[in-house]
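Naming convention: chains lettered A, B, ... in sequence-line order (proteins, then strands); numbering from 1 in each chain.
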Amino acid sequence: MKKNITIALAILLATVTWTSCKKHAPVDEDGLLITTRRDCYVSNFELLGTDFVSVRVGAPVIDTTEQTVKVTVQFGADLKNLYPQFTLAQDCKLDPKITGLTDFSDTLNHKKWTVISGDRNVKKTYSVIISVQP
Amino acid sequence: MQPRSKYIGYAFLLMISLAFFTSSCKKDSYALPVASDKLQNQAIKRTLGPNIVGQQIEFAYAMAILPTKGKLTSCVAEASIAGAPGTYMENRSFHTAQTGADVGDSVGSPSVTSGTTTTVTYTVDTSAATLRYYYVIPEEARGKTVTIKFTATSSDGESVSTTMGPYTIAQMDMKLNMKVSNNNMMYISIGDSTVYNATDAAAHAANIDLVYVYRNRPNSAFNHALVAPAADTQYLPGIILPTGVNRTAKLLKTFNLQDHNLAPNEQYGGIFIDDIDFQKLDLAGAPNYAINLKQDAGVWVETADGKYRAYIFFNSVSSSGTAVISMKRYALK
């Protein structure tokens, strides 16, 4: 009996030790999981006005080679106050983060965002090129 | 413990447990509650949302006494600030019919309002009634608090009171269902809470804050728009402004903000815009135009002189270039 208890305790101890020594999944400075994925691109883009209604005209043109997002907005859209929304490849993140209304009124100097892959090793900077519907 | 005494112990425990279960499941006998032998009263406020000058606050005041003790003789509502004309108390006590409709039975003479008090004197022999009181918020109550004291008296000389409030009266005011039309009633003054045509706008040029414009363009979304007179002319296509109409404003578009005061018939209109929304509104960096507006769209506005903030809601629009708008307005200075 005593021998069985000893064996059981030994197995339990080994299990606990093994579990506690298991390597944690890595996370980045934002607390996001770092994965092995190397995909790094923008798959969709949206622009919302202050009323949270899209101001986009037609589909955005995303060039993953040129790393540009071209989007036409409605006549009269307030370019100083727009909410951009990016859809990215799986596990990617965006830098800088979008925290609210963004000013797109300087149409000569395009806004840029960097897409960072899931493994955090690939970085691609996209320019968002806005044109206004005549 | 010997086996025999152990069994006796188990049996004893079992019996005790059964006794507990039986007693805990026993149904309590019901006794009719005994009605208080004193004159009773209770009040509720029936209206929701901000209390706006010119609008009603509705109360339901219930009072009752045992029939063996007496009957109701009068009901008085006393406001801390006298209500505006139109303040009254129903002389009918309502009950709900099977159809769900409120049915009123006259129980007293029409209410008499004198200063801060409104009185209904009972004319029928009744020991219980619920009367509704409609307090029309007066201008002098703006930004202050109001309390309402209800008092019921009975034939045995008893009197009972309950006080409702204090209720804060909003600083803002509102104007409902203003009709605007393209090339005619298109000049909006927030300060005056009025829509003008070109002739009248010229006479009130310093007060014109917005121009209503409608353009149906096949290749761009212009539609209904509110534009400050000082905005870029591309947002005022073909419009020659009356002399002196040149103010700017800050405008912020929103959608589906269906304020219940401005849009009482909207299906989802359960939102109320109150003073605090105007106080916290930040229109820094907002443009001086809002185009492509439609029904249920709204625009937050701040006038050029910083005197007013407003929320203008589009109740309805038509493709003939007309719209019905309603406005809540908050004076900043």
Region of A/D78 that comes under 4.5 Å of a non-hydrogen atom in chain B: both
Salt bridge (charged side-chain N to carboxylate O under 4.0 Å, His left out) against A/D119, all qualifying residues, sequence neighbours excluded: A/R38
Heavy-atom contact with chain A under 4.5 Å, split by part of B/N219: backbone
Pair A/D30 + A/K97, salt bridge at N-O below 4.0 Å: yes
Mutual orientation of the aromatic rings belonging to B/F314 and B/Y212 [parallel < 30°, tilted 30-60°, perpendicular > 60°]: tilted
Proximal component of A/F75, with respect to chain B [non-hydrogen, under 4.5 Å]: both
B/A225, part contacting chain A, at a heavy-atom distance under 4.5 Å: neither
Ring pair (Phe, Tyr, Trp, His ring centres under 6.0 Å) partners of A/F86, counting only residues at least two apart: A/F45, A/W113
